[in-house]
Each structure stands twice: as C-alpha cells, then as structure tokens.
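Take a look at the structure set out below.
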There are 2 protein chains.
Amino acid sequence: MPRPIRKSTAAPLRPPAQAAESFRRSRRDRAVETAQDYVEAIADLTVSPGEARVVTLARRLGVTHVTVNRTVARLQRAGYVRAKPYQAIFLTEAGRKLAAECKRRHETVVAFLRWLGISEKIAELDAEGIEHHVSPETLAAFERLLRKR
Amino acid sequence: MPRPIRKSTAAPLRPPAQAAESFRRSRRDRAVETAQDYVEAIADLTVSPGEARVVTLARRLGVTHVTVNRTVARLQRAGYVRAKPYQAIFLTEAGRKLAAECKRRHETVVAFLRWLGISEKIAELDAEGIEHHVSPETLAAFERLLRKR
DNA sequence: CTTAAATTGTATCTAAAGCTACATATTGAA
DNA sequence: TTCAATATGTAGCTTTAGATACAATTTAAG
Ligand SMILES: [Mn+2]
Ligand SMILES: [Mn+2]
Ligand SMILES: [Mn+2]
Ligand SMILES: [Mn+2]
C-alpha cells in the first residue's frame with residue numbers, strides 16, 4: 001500500500017486560513033438562523049392572530065411545541081423576548097429591532113428571486129434559507145437592481 | 001393584567017402548514033451543509049496538495065482535527081468517503097458526484113454575486129452559506145443571467 | 001359549576017457539531 | 001537508529017435542536 005505523502009515544505013498558512021474565514025462566517029450565520037426565524041414569526045403572529053402562542057409558533061415553524069418552548073427560553077435569556085408561563089410571547093425592543101431587519105431582508109430576497117423569474121412558491125422556499133447568509137453589501141445590490149427594474 | 005385571547009373560530013390549518021414547509025426545507029438544507037462543505041474540500045485537497053488529510057481539512061474548514069475526525073466518520077457511514085486510520089481520506093463515487101455538484105453550484109453562486117458587483121472577498125463569504133439553499137430553479141436562473149451578460 | 005378539550009410545561013432521549021485534554025502513531029531529521 | 005515534532009485518535013464536556021411521552025394548567029362548552 002502506498003505510503004502517505006508528507007510535504008517537507010511547511011504548508012503556507014494564509015490560503016487555508018482565508019478559506020476558513022468563509023466557513024466560519026457560514027457557521028456563525030447558521031447559529032443565529034433559528035433566532036431570526038423565531039423573532040420574525042413572533043412579530044408576524046403578534047399582528048395577525050393578535051398574539052404569539054406556543055402552539056401557533058410550533059405550527060408556523062413546523063416543529064413540536066417542546067422545541068418552541070426551549071427555544072423561546074433561550075431567546076429570553078438572549079434578551080429578544082419576554083415570556084411568562086401560560087402567557088403569550090412578546091418581543092423586547094431588541095427583538096422587535098431584529099425582527100424588523102429580518103422581515104425587510106426576507107422580503108427583499110423574495111422580491112429579488114421573483115425578479116429573476118422564480119415562482120412565488122420556490123422563491124419563498126429558497127429565501128427562508130438564503131436570507132440568513134446575505135451580507136449587507138449583497139442585500140444592497142439586490143435592492144439596487146429592484147429599484148432599477 | 002389582560003387575559004390572553006383565545007379565538008373561538010378554529011384556526012385554519014393550511015396557512016401555517018404552508019409557511020412551515022419553507023422552514024422545514026431550510027432546516028433540511030442546514031443539516032446537509034456540513035457534508036457538502038466537507039466533500040467539496042476533500043475534492044479540492046485531493047487535487048491541490050495531492051491528498052486530503054485530517055489536519056489539512058481542519059485548517060481549511062477552520063475547525064479542530066477532532067471535529068474533522070468525527071464528521072469524516074459520519075460521512076463514511078453515509079457512504080461519501082473511505083477513510084482508514086492514519087491514512088488520507090478519499091471520496092467514494094457518491095462523494096465525487098456530490099462534490100462536483102457542490103463545486104459547480106458554489107462557483108455559479110460566486111460568479112453571480114460578482115456579476116451583481118459584489119467584491120471577490122464578500123462574494124466568497126456569502127456564497128459559502130447561500131449555496132446550500134439555492135434550488136435547481138434558482139441556480140438555473142443565475143446561470144441564465146450569467147450567459148446573457 | 002363541571003368537565004372535556006386544548007394548551008402549556010417538563011422529563012428524558014437522540015444526534016450533530018463544536019471544544020479541550022490527553023494518548024498513540026508516524027515521520028523527518030539528527 | 002533514535003527521537004522530537006507532527007499527525008491522528010479518543011475520552012468526555014457543552015450547546016443547539018429535534019423528538020416522544022406524560023403531567024399540569026387553562027379555556028370553552030354544556
Ligand atoms: Mn429563515
Ligand atoms: Mn424569514
Ligand atoms: Mn458552504
Ligand atoms: Mn462551498
């Protein structure tokens with residue numbers, strides 16, 4: 001069996017580290033996806049049925065009420081929501097701010113995909129994931145094109 | 001304190017379920033992000049330094065070698081790689097197929113962002129996350145625009 | 001006022017993905 | 001040939017995020 005190659009020249013640390021930066025950013029984005037989706041959903045429900053309840057959130061997000069419970073507890077520790085047992089869930093000021101940002105970004109991504117000719121359905125499906133990885137620069141580029149259409 | 005509202009009319013089950021579909025898709029995409037990034041990196045390293053080793057992968061991805069070890073074990077169980085102790089890591093046929101798809105998609109997303117006027121650096125950062133949430137339809141739309149430029 | 005249905009909470013399990021600390025194996029050079 | 005540096009493996013911890021099963025509370029009817 002062939003012996004593994006081991007390069008004698010010390011591998012340059014810059015290229016790997018540079019690539020690693022993208023992966024780190026991506027993982028960081030992933031870690032906050034949940035928080036963003038929750039505050040956006042809570043903001044929506046606070047308007048539409050009138051308040052955000054555990055089961056309503058669970059149905060909206062497609063998870064069990066148990067998952068919602070624990071995530072809401074975490075969001076409360078993070079300062080995004082206020083929640084008391086058997087009560088509706090409310091956004092804090094920070095939560096409302098984050099929700100507004102996410103909603104705007106979500107809508108921009110959907111509109112941009114629609115502008116590309118993607119169907120409503122698929123645009124919505126893709127946007128729910130893409131939105132969390134769009135930098136301010138890219139979002140600005142999307143908006144620029146939408147204004148010029 | 002105001003009592004929580006409880007609507008007497010049964011809440012319609014369709015709208016929530018429809019929104020839930022996007023979140024489910026997004027979570028499913030998230031679950032396979034790691035596998036996609038790994039096989040793509042393994043394919044790259046197999047070409048460039050000549051083989052994919054644990055530490056090289058770790059440096060490339062920005063994680064510890066321990067994380068690489070466990071993920072590689074999982075990818076092996078999933079049938080994407082072959083790995084034996086103290087040896088280099090190889091892609092299976094399924095792994096090569098997945099890697100090729102991911103590489104093509106990655107490059108298309110980067111090229112599209114560049115076409116939008118995004119800088120190389122930021123395009124690369126955003127693409128690393130966005131790529132995993134781009135449907136075939138949206139990818140096709142990106143390619144269409146790139147051809148027409 | 002009672003009570004059944006709905007909602008909410010909790011205990012407990014699983015898996016992925018990160019980490020540190022430490023052990024073992026391999027390699028390159030003295 | 002020895003041995004220190006590097007690479008690899010492993011044990012065990014944490015957090016997040018999903019689940020099921022069951023308990024407790026609240027609400028809506030009757
Ligand atoms: Mn989302
Ligand atoms: Mn969204
Ligand atoms: Mn990626
Ligand atoms: Mn990639």
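Any value given below was found using the heavy atoms of this structure, including those in side chains, with hydrogens, waters and symmetry copies removed. Every chain is numbered from 1 and lettered A, B, ... according to where its sequence line falls, protein lines coming before strand lines.
With D:dA17, D:dA11, C:dT8 as the candidates, the nucleotide lying closest to the side chain of B:R30 is D:dA17. Ranking C:dT24, D:dA24, D:dA21 by closeness to the A:Y86 side chain, first place goes to D:dA24. Here C:dA21 is the nucleotide among C:dA21, D:dG18, C:dT10 with the atom lying nearest to any side-chain atom of B:V66. Of the listed nucleotides (C:dT7, D:dG9, C:dA17), C:dA17 has the atom at the smallest distance from the side chain of B:T34.
Side-chain N/O atoms of B:R53 include one lying less than 4.0 angstrom from OP1 or OP2 on D:dT8.
Rounded to an integer number of Å, the gap from CD of A:E33 to P of C:dA16 is 18 Å. Going from atom OH of B:Y38 over to atom P of C:dA16 covers 13 Å, rounded to whole Å. For the pair B:L57 CG and D:dT6 P, the computed distance is 20 Å after rounding to whole Å. Look at NE2 on A:H132: it is 17 Å from P on D:dT16, rounded to the nearest Å. Between A:Y80 atom OH and D:dT16 atom P the separation is 13 Å, expressed in whole Å. If you take CD1 of B:I89 and C1' of D:dG9, they are 12 Å apart, rounded to a whole angstrom. If you take CZ of B:R59 and C1' of D:dA7, they are 10 Å apart, rounded to a whole angstrom. Atom CG of A:D37 is separated from atom P of D:dA17 by 10 Å (rounded to the nearest Å).
By the stacking rule of 5.5 Å between ring centres and under 30° between planes, A:H65 does not stack on the base of C:dT7.
A:F112 and B:F112 have tilted rings, their planes meeting at an angle from 30° to 60° on a 0 to 90° scale.
Taking A:F23 as the reference, nothing meets the ring pair (Phe, Tyr, Trp, His ring centres under 6.0 Å) condition, with sequence neighbours excluded. Qualifying salt bridge (Lys or Arg N to Asp or Glu O under 4.0 Å) partners for B:R25, counting only residues two or more places apart in sequence or in other chains: A:D126, B:D29.
Taking every heavy atom of residues 67-79 of chain B and every atom of DNA chain D, pairs under 4.0 Å involve B:N69, B:R70, by number.
In summary, B:E107 and B:K103 engage in a salt bridge, as defined by a charged side-chain N under 4.0 Å from a carboxylate O. Under the 4.0 Å criterion applied to side-chain N and carboxylate O atoms, B:E143 and B:R104 are assigned as salt-bridge partners.
With hydrogens and angles left out, the side-chain atoms of B:E33 and B:H133 include a donor and acceptor closer than 3.5 Å.
Formation of a donor-acceptor pair under 3.5 Å by the B:R24 side chain with backbone atoms of A:G62 is found in this model.
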